[in-house]
> 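After the structure tokens below, expect a handful of questions from me.
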Amino acid sequence: MEQMVFIVRSCKKAGDIISGKLDISSMNLEAVTQLIIDLGQPKFRALQLFKWLQSGVQSFDEMTNIPVALRERLNESCYIATVKPLRKYISQIDGTVKYVYELYDGELIESVLMKYEHGYTVCISTQVGCRMGCKFCASGLYGLTRNLTASEMLAQITYAQRDNNIRISNVVMMGMGEPLDNFDNSIQFLKLVSDENGLNVGLRHISLSTSGVVSGIRKLAEYNLPITLSISLHAPNDDIRNQTMPVNKKWNIDALLQACREYQKVTTRRISFEYALIEGINDSDACAKELAQRLKGIMCHVNLIPANPVKENTFKKPDRKAIIAFQKKLESLGVNATIRRTLGADIDASCGQLKKKTKEEIDDADFC
Ligand code: SAH
Ligand code: SF4
């Protein structure tokens, strides 16, 4: 069988500073090697160190094949990113696990572990909060607090692996935050997570979801990665999309779909369109027709998601019959569409809701 080789454009990110220390687990092998050389150590230590860092160790003490003196030196100047679970909810229905993690600065993020027939998938957050302000989403309620580092994205995967004694085979960048608004760190994460000396998750097994940051889609095309690009479209026309997604005022549907066409020309990858069905807003027969019309000429798949109600808004999901009718309409017009299976329905909380709930509980406890 033909072996395909994908070259991730070199991203020589040396690592940022976290709490006055070097964010060493965001560094790629080249950067770790340079660090080891700068420390006057033999070069082979770099691969040992990189493997440990990518395995999700919590401290340098765990690196048993690295001399104690070097571990101590690294510990003085470097920081290993970790996530601390504050809450863990396990679905009694299908075993889906939802985590709320605390980061080094006390900020909270969410992550979800799902089991499918083909293996385990982790849904990771890419930012604390989000500045895109989509009206149906709990993550955007309070704007953006900060970007996650590549190491904090990785730590969500390694923690879930260790906690459940499993290997993650698929990753979706669909948790809190807009990955293309944190472009460099998202690219660095993709490079690290797919590294054969690290977690070695194939890029074909990774999806990146965007609300439609056209500049980011164009930049991403330059890297020509075999990941799946997911577009949160959620509307067939600008009138509806402007009401729910402020990003549409900067890049409207025409601009977005044009960027998708160009992206597809470069990558030849099928694009996924996410469409959250909201009762009375975007679920009519006419909407399905308009959507099919707009997607003509793009090799794609539409994921229909019953909108998850968020306390702060009045959006409702249509009933099951209406959702199926929407899917059938799309299919009859030649558009491949599936209704997304709801995992963890008993711990139901969409993007950003669990974090909010946890924060409220902590604030209440602080108050008492
Ligand atoms: N910021 C990126 C990725 C994270 S959001 C994006 O918007 O694509 C992951 C997905 O959840 C997106 O498709 C988003 O539109 C969807 N989503 C957010 N809140 C939702 C809700 N209340 N109901 C259904 N889908 C929701
Ligand atoms: Fe941000 Fe995505 Fe939520 Fe929109 S749907 S606010 S882009 S996380």
Side-chain angles (χ1 to χ4, degrees), residues 98 109-112 114 121-148 153 156 171-183 185-186 189 206-217 220 227-235 240-251 256 259-260 271-279 281-283 300-318 323 326 338-345 348-357:
K98 298 194 179 183
I109 52 163
E110 289 178 22
S111 230
V112 185
M114 295 160 284
T121 298
V122 171
C123 173
I124 63 157
S125 292
T126 55
Q127 294 181 313
V128 179
C130 181
R131 65 181 175 135
M132 309 312 287
C134 304
K135 297 286 188 291
F136 44 78
C137 176
S139 293
L141 283 175
Y142 305 106
L144 174 69
T145 304
R146 71 167 173 89
N147 284 331
L148 295 194
M153 296 182 211
Q156 296 170 58
V171 176
V172 294
M173 300 166 84
M174 283 193 184
M176 297 175 62
E178 167 53 61
L180 296 185
D181 189 37
N182 182 13
F183 191 89
N185 290 343
S186 293
F189 163 75
I206 302 176
S207 294
L208 181 151
S209 179
T210 177
S211 57
V213 177
V214 165
S215 57
I217 296 171
L220 188 64
I227 58 170
T228 298
L229 178 65
S230 234
I231 306 286
S232 298
L233 192 58
H234 305 322
I240 299 176
R241 204 162 192 263
N242 284 340
Q243 283 173 45
T244 52
M245 301 183 73
V247 66
N248 201 64
K249 297 198 175 128
K250 182 153 187 190
W251 292 291
L256 174 57
C260 288
I271 293 178
S272 245
F273 288 97
E274 307 294 307
Y275 195 98
L277 283 158
I278 309 172
E279 189 184 65
I281 305 260
N282 64 0
D283 62 340
C300 66
H301 178 90
V302 174
N303 254 324
L304 298 171
I305 317 155
N308 230 315
V310 173
K311 214 169 63 190
E312 285 72 12
N313 66 46
T314 52
F315 296 139
K316 278 203 269 172
K317 62 177 154 206
I323 295 172
F326 198 93
T338 46
I339 301 168
R340 180 176 296 163
R341 194 157 64 99
T342 314
L343 286 172
D348 209 351
S350 64
C351 182
Q353 282 175 285
L354 279 179
K355 168 197 161 165
K356 194 172 159 290
K357 188 171 150 226

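Just follow the structure's listing: the first ligand is 1, and inside any ligand the first atom is 1.
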> Please examine the side chains of Phe189 and Ile124, heavy atoms only from C-beta on, and report whether any two atoms are closer than 4.5 Å.
yes
> Have a look at Phe326 and tell me which of Val302, Leu304, Asn282 forms a side chain to side chain contact (heavy atoms under 4.5 Å, CB included) with it.
Leu304
> For Cys137, take its heavy atoms, then give the atoms of ligand 1 lying under 4.0 Å from any of them.
18 (C), 19 (N)
> Once salt bridge (Lys or Arg N to Asp or Glu O under 4.0 Å) is applied, do any residues pair with Lys250, and if so which ones, sequence neighbours excluded?
none
> Mind checking whether Gly175 has a heavy atom under 4.0 Å from ligand 1?
yes
> Purely on distance, is any nitrogen or oxygen of Ala307 under 3.5 Å from one on ligand 1?
no
> Kindly give the heavy-atom pair with the smallest separation between Asn182 and Leu148, and that separation in Å.
ND2-O, 2.9 Å
> Considering the heavy atoms of Gly177, write down every atom of ligand 2 situated less than 4.0 Å from one of them.
8 (S)
> List for me each residue that meets side chain to side chain contact (heavy atoms under 4.5 Å, CB included) alongside Thr121, sequence neighbours excluded, and say none if there are none.
Met114, Tyr116, His118, Asn170, Val172
> Less than 4.5 Å apart, side chain to side chain, heavy atoms only: is that true for Thr338 and Asn303?
yes
> Please work out which of His234, Gln127, Met173, Glu274 has its closest non-hydrogen atom nearest to atom 14 (C) of ligand 1.
His234
> Is Cys130 close to Asp181 at the side-chain level, that is, under 4.5 Å between some pair of heavy atoms?
no
> Specify the closest pair of heavy atoms between Gly129 and Leu144, including all atoms of both residues, with the distance to one decimal.
O-CD1, 4.1 Å
> Which of the atoms of ligand 2 are close to Cys130, meaning less than 4.0 Å from one of its heavy atoms?
1 (Fe), 6 (S), 7 (S), 8 (S)
> Is Cys134 touching ligand 2 with its side chain, its backbone, both, or neither, if touching means heavy atoms under 4.0 Å apart?
both
> Looking only at distances, can you tell me whether any N or O atom of Ala138, backbone or side chain, sits closer than 3.5 Å to an N or O atom of ligand 1?
no
> Which of the atoms of ligand 1 are close to Val310, meaning less than 4.0 Å from one of its heavy atoms?
22 (N)
> With heavy atoms of Ser211 as the reference, note each atom of ligand 2 found under 4.0 Å away.
7 (S)
> Within the 4.0 Å heavy-atom shell around Thr210, which atoms of ligand 1 are there?
6 (C), 8 (O)
> Distance under 4.0 Å to a non-hydrogen atom of Gly177: what atoms of ligand 1 satisfy this?
1 (N), 2 (C), 3 (C), 4 (C)
